[in-house]
2 protein chains.
Amino acid sequence: MGTTKSQIFTEQQNDLAQLFKVLGHPARVAILQYISHQNACICNDLVEEIGLAQATISQHLKELKGLGLLKGEVEGKRMCYCIDIDRWNSIQNQLNSFFNTTKSNCC
Amino acid sequence: MGTTKSQIFTEQQNDLAQLFKVLGHPARVAILQYISHQNACICNDLVEEIGLAQATISQHLKELKGLGLLKGEVEGKRMCYCIDIDRWNSIQNQLNSFFNTTKSNCC
DNA sequence: TTTTAATATTGCAATATTACGATAATAAAA
DNA sequence: TTTTATTATCGTAATATTGCAATATTAAAA
């Protein structure tokens, strides 16, 4: 037990839940908001800005990268993380499609 | 450790993350989809439909209720769970507002 | 080459989540 | 009133997540 029984759900349901799950942490919400207001991002800024340890920030960035929401570019010894706007839009569409199809049949 | 450091984030960030988090489980996605296609819902149907134990389904329903997404009506010895459409729309708006404000400043 | 700075990875402790059996609670039916 | 059916709650086991210190990695700077 303790493990989500993914095999009993459709791929679409698992994917959608995964999207929500990655966005379901205030640090990751804050990271996305901060990056979007900088037009660029250096990880060390985030450590000061957010107030979590460097290792923790790096871990959260990894999850956002895993979803394809962030793309990282090496700039010397720094990393510049940016939001992948195509992926961003595609995810927004997926979520809206879920909301719209669900509500249209609602009692 | 193991606990999210909510106190370092804004209320808005915590609330938004909480919304995403509750939606971030395939069983809860499946429950919402199933309810919306029934126009009404009896918990026992869900147990058969989803394939998780009754106690587990009841727990997931509780989380969705906690978010205000579901409203339950007692019908004799049954519960009829419905999606609260106002709350549903309000959550969809919150999410879209997050997506739109974030992307508008993106690099 | 050595040092320095930035980021990633590893290992671990603490807490949270998921799932389910057992049981309680509730209300209709017999 | 007793039984039956439905849903909620409790207790617990298994796994996942969060967070951080320590360390590794990488590349520029000295």
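Treat the numbers as computed from the prediction; the structure is a model and nothing was measured.
Residues A/Q54 and A/N44 have side chains that never bring a donor and an acceptor to within less than 3.5 angstrom of each other.
Taking atom CE of A/M79 as the reference point, atom P of D/dA28 lies 13 Å away to the nearest angstrom. With rounding to whole Å, B/N44 atom CG is found 8 Å from D/dA5 atom C1'. One can place CD of A/E75 at 19 Å from P of D/dT26, the figure rounded to the nearest angstrom.
The same ILVMFWY cluster, assembled from side-chain heavy atoms under 4.5 Å apart, contains both B/V74 and B/Y81. Both B/I8 and A/I57 sit in one connected hydrophobic cluster of ILVMFWY residues. Membership requires side-chain heavy atoms under 4.5 Å apart, directly or through other members.
Each of A/E63 and A/T3 was assigned the nucleotide of DNA chain D with the nearest heavy atom; the assignment lying further toward the 5' end belongs to A/T3. Judged by closest nucleotide on DNA chain C, A/I42 is the one of A/I42 and A/K21 placed further toward the 5' end. Between A/K62 and A/K5, it is A/K62 whose nearest contact on DNA chain C lies nearer the 5' terminus.
When DNA chain C is scanned in the 5' to 3' direction for atoms under 4.0 Å from non-hydrogen atoms of chain B, the outermost contacting nucleotides are C/dA13 to C/dA28.
Closest heavy-atom contact between A/I83 and A/L32: CD1-O, 3.7 Å.
For NZ of A/K65, the number of neighbouring non-hydrogen atoms (other residues, nucleotides, ligands) closer than 6.0 Å is greater than 12.
No side-chain donor-acceptor contact under 3.5 Å links A/S97 to the backbone of A/N93.
Near DNA chain C, defined here as any heavy-atom distance below 4.0 Å, the residues from residues 46-60 of chain B are B/L52, B/A53, B/A55, B/T56, B/Q59, B/H60, listed numerically.
By the 4.5 Å heavy-atom criterion applied to side chains, B/L95 and A/L23 are not counted as neighbours.
Of the options B/L61, B/L19, B/D84, B/L64, a side-chain contact (heavy atoms from CB on, under 4.5 Å) to B/L69 is made by B/L64 and by none of the others.
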